[in-house]
Each structure stands twice: as structure tokens, then as C-alpha cells.
Asks: 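Please see the structure below; I have some questions.
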Amino acid sequence: MVEMIHTQIEKNGFLGDIFVPNALIDNYSRFGGWGIKAALRLFTVMEHRDVVSWNSMIGGLTKVGELREARKLFDEMPEKSIITWNTVLNGYVKAGEMEEAFQLFESMPQRNIVSWSTLVMGYSKAGDMDMARVLFDEMPVKTSVSWTIIISGYVEKGFTKEAIELYDRMERNGFKLDDGTVISILAACAESGSLAMGLKVHDSIERLKFRCSVAVCNTLVNMYAKCGSLDKAWSVFNGMSKRDVVSWNVMLQGFAMHGHGREALFVFERMKKEGFKPDRVTFIGVLCACSHAGFIDEGIQCFYAMEKDYGIVPEIEHYGCMIDLLGRGERLKEAFMLVNTMPFEPNAVIWGTLLGACRLHGATELAEKVLDHFKLDRMDPGNYSMLANIFAAAGDWDGVATVRLQMKSVGVQKPSGASSIEIDNEVHEFTVFDRSHPNFDSIYGMVHRLAQDLKRVAHPKDATLPVEVGELVI
DNA sequence: TTAGGGTTAG
């Protein structure tokens, strides 16, 4: 479409008006590789360029990751505006090149609130909260965006105490809540599982009688669901006067991920009854629910229905859910067949899902078959260690050793997975064999006791342990 | 034309 407009304009000779090509350059960069080429073509043939033409071109290049090209144009540019500087600064920040970003920041002839916020954002995303905080404190002016960036940064990294302190200070300084602030902070809470901070924001919303948009309510529901507070998610969801597809999706996904398959399917049914059209994300939630709750046949039915009844062509993610569903249900051959017949090249996630199913059922032979296909993703560290786990589960220690040796020879290391828990506004993170926590003695003592208690309590094979969902009645 | 924002499998 953009290209059609472009041709039309070129034919009619409207290229003279600077606003038109400027808007085109800006639009082109949304279309990735070919878009940026077209934009560059247009940029070079333009007779007159103003600051906006340059800025749009440089911004477009940074968006598609052509940082070097962007820098070249920047250096060539005769008269730069502060937006030009900020655009390149943002390019470095988005690419995680903080040294370059800092150097550019230092050499800026002038800086504004956006320059400062961009740099704080960069350090915060890079996990350097100390540097982010130093810059934040130094900022001459602060807006709700700068507060949001630093608070979300702390929340995401698990520093709930610092986040809450700053949040209180922001409120004392008279900053009003806005959609961007609430959504950003709640999203960070959902990401890191910080229920305490989430509750704090929810409390402000009610205390200040902040009018929640649908988007804000959706994030609130999602935050509670991701933090494991399904009853609160459910009550916010039910209190919403208006809902959109995302509202239904987050609620459904919330039930699904915590193993409440029946509730998830109930939400699905109600959503349809109320006239909402399920989309691709809805079906990921539905299939995930069926998989985690062991509703194999319902899952298969939904998978076929999504294309037939709703016109949604399954994507690789949906196939991934199906492979998980069949795999967990010990229908490994069918799962393997689906991997081979689906219209996508299997990726690391697909193989990992299949391998996980092999491990669950100790199917070493099938795992070997998977290994034959493995060459595609040889470098994925997670798959290597999962393969080692399959062998370990089957007691094949030679197999384990072989995989470990392979990992060593190609130089992969698996970043260890971590779980976290929030106690007294602080998120504690644990990894396997982690002895770095100051109270590890008593922690492991308790884990050991719990494990023994669990062993004593007989529970049926394959059944998940019952989880209390509070006063959940649907 | 520059800084923060909701849902997506293992």
C-alpha cells in the first residue's frame, strides 16, 4: 500500500512538498528490510531535505537495527536537532550498546528530559540499576515517564523495596497516575511476580479513584494472574464494565497456566456466548489449558475447530501447544508425527517440547530419533541439557556423559533456570544447587522436610497437587 | 520525527 502511494506520488510529481516524502520515509521503516531500502531510495533522490527528513531516515535505520548506517547519516547531517541526538541515543540503548550510548550522551551539546530518560532506561534494561539510579537522581527535571522507567526497572529486577520507596516519593511529589505509568509498572509486576508492588498500585487506583481504561484493567487482571492470585484476578475481571478480547485472553490464560483447565474452558464458553470473537491468542490459551489439565480429546477438537469454525489458521505456536498436549498425554508417536507433518520447520521450542514429553515418559528411543533431527538447533543450550535429562531419567549415564561432552566441545553453557519468591517486599531468586543465599541452611532443611511430607501423602499418579483458589466460584 | 504501556507454547 505504501509503495502504491509512493508510485502514485512520483508519477504525479507531488514529491516537491516536503511533508509527503517525510511521512513516507517514516512509514516505510515500519516494513522492515524492503521498507528501509525504499526509504533510502526516496531519501537520496529528494531535492530538499529538512531536519525531519534526516531524523525520520536515521530513526528508521535504528529501528531495523542498522545502527552503523544511522550513525553515518548522523555524522553527515549538517544541522542536528536535539531530536536527532535523542534518536541515535535511543538506537544505542535499544541495541544494549551502553558504552556508545553514554559517550554520545556526554558529547551532546544540550540534553532534555527525553535524553536523560532514554539513558536511564538503557541502564535499567541492562540491569545496571545503580547507574540508572545515579542518573535518575541527577536528572534536572522529572516527568511521570522518568519515574515510571526507574520504578519499573526496580520491579523487573526484583528490588521491590526500592520500587515502593520511589513510588511513594512519586506520589508525594504530586505526580498523578496515568495509563502509561500504571500499565508499565503493573506489567513489570507481572513479569517479576511482585504481588506487593501490584497490590500497592491497585490500592492507589482505588484510593485516588483513578478511572481505569480497559487496557489498565487488563494489565491488572494479568498481574494478579501471573502473581498467582487467581481469585483477585477473577474479581477484577468480573468487576469490569467493558471488556475486549484481551480481557478474556488474560483471564483464560491465567486459569490455564495454573492448571485450572475447566475454569479456563468455562471462560472460553462465556466469551463466545457474550459475542466475542476468539483470536489466535485465545486458542493458545485454550490449547494450553487442555494440555495442562489433561483434556486431550477436547484439545484436539479445539485445534480442528479453530480453522474450521473460526477461520484462524494454526501457527507454529498452536502446533507447539498440540505437541505438548499429545506429548503429556503419552501419545508420543502422534506428537512426533505432527512435528514431521506440520507446515513449519520445527524450531528449538518444538524440539524442546517433544524432548520434555520423552523425559516425562522415559521414552529414550524416541528421544534418540529426535536427536537425529537435532542438527538444526545444535547450539541451543536448553535442548542439550534437556537431552541429558532424558538420558538421566532413563538411567543411561553414558548418554548423559556423551551429551555433556558434546556441550563442552561446542562450547555451550546452559543458563540455569531460576525460581523466585517474594518475602517482605523482596524477591529472592533460587537456582539449582544454589548455596549463595545467606539462609540456605534453613531453607534447604525446610525443602527437605516438605519433600518428605509430600512423599508420605499419597497422591494419584499424574495428578497435579490440589491448589487452593480461595473463594473462586464460577 | 525523540523516552514508559496489556495477552502468545517448553
Asks: Could you tell me whether A:Lys226 contacts a base, only the sugar-phosphate backbone, or nothing, with contacts defined as non-hydrogen atoms closer than 4.0 Å?
Replies: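 Result for A:Lys226 = sugar-phosphate.
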Asks: A:Thr143 near the nucleic acid: base, sugar-phosphate alone, or nothing, with a heavy-atom cut-off under 4.0 Å?
Replies: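 Counting heavy atoms under 4.0 Å across all strands, the contact made by A:Thr143 includes a base.
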Asks: Of all the choices, B:dG4, B:dT1, B:dT8, which nucleotide is nearest to the side chain of A:Ser184 once you look at every atom?
Replies: B:dG4
Asks: With heavy atoms under 4.0 Å as the rule, sort A:Glu317 into base, sugar-phosphate or nothing.
Replies: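 Base contact.
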Asks: A:Asp279 and A:Asn249: side chain to side chain contact (heavy atoms under 4.5 Å, CB included), yes or no, with the steps?
Replies: CA-CA 9 Å; A:Asp279 63 7; A:Asn249 285 352; 3.2 Å; yes
Asks: Taking the side chain of A:Asp324 as heavy atoms from C-beta outward, which of B:dG10, B:dG4, B:dT7 is closest to it?
Replies: B:dG10
Asks: Find the distance A:Asn347:CG to B:dT8:P and express it as a whole number of Å.
Replies: 17 Å
Asks: May I have the distance from A:Lys80 (atom NZ) to B:dT1 (atom P), rounded to whole angstrom?
Replies: 22 Å
Asks: Can you tell me how far P of B:dA9 sits from CG of A:Leu287, to the nearest Å?
Replies: 12 Å
Asks: Quick one: does NZ or CZ of A:Lys142 land under 6.0 Å from the six-membered ring centre of A:Phe136, within 45 degrees of the ring axis?
Replies: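 Cation-pi check for A:Lys142 and A:Phe136: passes.
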Asks: Output the rounded distance in Å from CG (A:Leu24) to P (B:dT1).
Replies: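 In whole Å, B:dT1 P lies 13 Å from A:Leu24 CG.
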Asks: Counting the atoms with a prime plus P, OP1 and OP2 as sugar-phosphate, which does A:Asp50 contact under 4.0 Å by heavy atoms, base, sugar-phosphate, or nothing?
Replies: nothing
Asks: How many Å lie between CH2 on A:Trp147 and P on B:dG4, as a whole number?
Replies: 19 Å
Asks: When you get a sec, tell me which of B:dG10, B:dT1, B:dA3 is the closest nucleotide to the side chain of A:Thr118?
Replies: B:dA3
Asks: Could you check how far CE of A:Met197 sits from C1' of B:dG5, rounded to whole Å?
Replies: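 Result: 15 Å.
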Asks: Can the positive tip of A:Lys272 be found less than 6.0 Å from the middle of the six-membered ring of A:Phe268, inside 45° of the ring normal?
Replies: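 The answer is yes, since A:Lys272 meets both limits relative to A:Phe268.
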Asks: Are side-chain N/O atoms of A:Asn112 and A:Ser115 paired as donor and acceptor at under 3.5 Å?
Replies: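 A donor-acceptor contact under 3.5 Å links the two side chains.
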Asks: Under 4.0 Å, counting only non-hydrogen atoms across every strand here, what does A:Ser152 touch: a base, just sugar-phosphate, or nothing?
Replies: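 A:Ser152: no heavy atom of the nucleic acid under 4.0 Å.
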Asks: Hey, is the side chain of A:Asp178 pairing donor to acceptor with the base of B:dG4 inside 3.5 Å?
Replies: yes
Asks: What contact category does A:Gly180 fall into here, base, sugar-phosphate, or nothing, at under 4.0 angstrom with non-hydrogen atoms?
Replies: base
Asks: Under the salt bridge (charged side-chain N to carboxylate O under 4.0 Å, His left out) test, which residues partner A:Asp297, sequence neighbours left out?
Replies: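 A:Arg331.
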Asks: Look at the side-chain N and O atoms of A:His292 and state whether any lies under 4.0 Å from the OP1 or OP2 oxygen of B:dA9.
Replies: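 No.
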Asks: With sugar-phosphate meaning primed atoms plus P, OP1 and OP2, does A:Leu186 contact a base, only sugar-phosphate, or nothing at under 4.0 Å between heavy atoms?
Replies: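 The answer is nothing, as A:Leu186 stays clear of every strand by at least 4.0 Å.
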Asks: Any donor-acceptor pair, under 3.5 Å, between the side chain of A:Thr181 and the base of B:dG4, if you only look at N and O atoms?
Replies: yes
Asks: Return the residues of residues 84-92 of chain A meeting this criterion: a heavy atom under 4.0 Å from some atom of DNA chain B. Order them by number, or give none.
Replies: A:Asn86, A:Thr87, A:Asn90
Asks: When you measure from the side chain of A:Val281, which nucleotide among B:dT7, B:dA3, B:dA9 comes out closest?
Replies: B:dT7
Asks: In chain order, what residues pass the side-chain contact (heavy atoms from CB on, under 4.5 Å) check against A:Lys125, with sequence neighbours excluded?
Replies: A:Met121, A:Glu156
Asks: Using the side-chain heavy atoms of A:Ile83, tell me which of these nucleotides is nearest: B:dG5, B:dT8, B:dT1.
Replies: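 Shortest atom-to-atom distance from the side chain points to B:dT1.
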Asks: Mind jotting down which residue pairs meet the side chain to side chain donor-acceptor pair (under 3.5 Å) criterion with at least one end in residues 56-67 of chain A? Sequence neighbours excluded, please.
Replies: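 Sorted pair list comes back empty.
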Asks: Provide the full list of ring pair (Phe, Tyr, Trp, His ring centres under 6.0 Å) pairs with a residue in residues 86-109 of chain A, sequence neighbours left out, each pair given once.
Replies: A:Phe105-A:Trp116
Asks: Residues two or more places apart in sequence or in another chain: which of them pass salt bridge (charged side-chain N to carboxylate O under 4.0 Å, His left out) with A:Arg172?
Replies: none
Asks: The side chain of A:Val52 is closest to which nucleotide in this list: B:dA3, B:dG10, B:dT1?
Replies: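 Closest nucleotide among those given: B:dT1.
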Asks: Of all the choices, B:dA3, B:dT7, B:dG4, which nucleotide is nearest to the side chain of A:Thr148 once you look at every atom?
Replies: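 Among the listed nucleotides, the one closest to the side chain of A:Thr148 is B:dG4.
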Asks: Answer with base, sugar-phosphate or nothing: what part of the nucleic acid does A:Arg328 contact at a heavy-atom distance below 4.0 Å?
Replies: sugar-phosphate
Asks: Taking the side chain of A:Asn112 as its heavy atoms from C-beta onward, which of B:dT2, B:dT7, B:dA9 lies nearest to it?
Replies: B:dT2
Asks: Does A:Ile284 reach a base, just sugar-phosphate, or nothing at all? Heavy atoms under 4.0 Å.
Replies: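 Result for A:Ile284 = base.
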Asks: Among the candidates B:dA9, B:dG4, B:dT7, find the nucleotide nearest to the side-chain atoms of A:Cys321.
Replies: B:dA9
Asks: Have a look at A:Lys94 and say if it touches a base, only the backbone sugar-phosphate, or nothing, with a 4.0 Å heavy-atom cut-off.
Replies: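 Sugar-phosphate only.
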Asks: What is the distance from CG of A:Leu166 to P of B:dG4, rounded to the nearest Å?
Replies: 19 Å
Asks: Write down the distance between CE (A:Met46) and P (B:dT1), rounded to a whole number of angstrom.
Replies: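 Value for this atom pair: 14 Å.
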Asks: Considering only side-chain heavy atoms of A:Ile113, which listed nucleotide, B:dT1, B:dA9, B:dA3, is closest?
Replies: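 Ranking B:dT1, B:dA9, B:dA3 by closest atom to the A:Ile113 side chain puts B:dA3 first.
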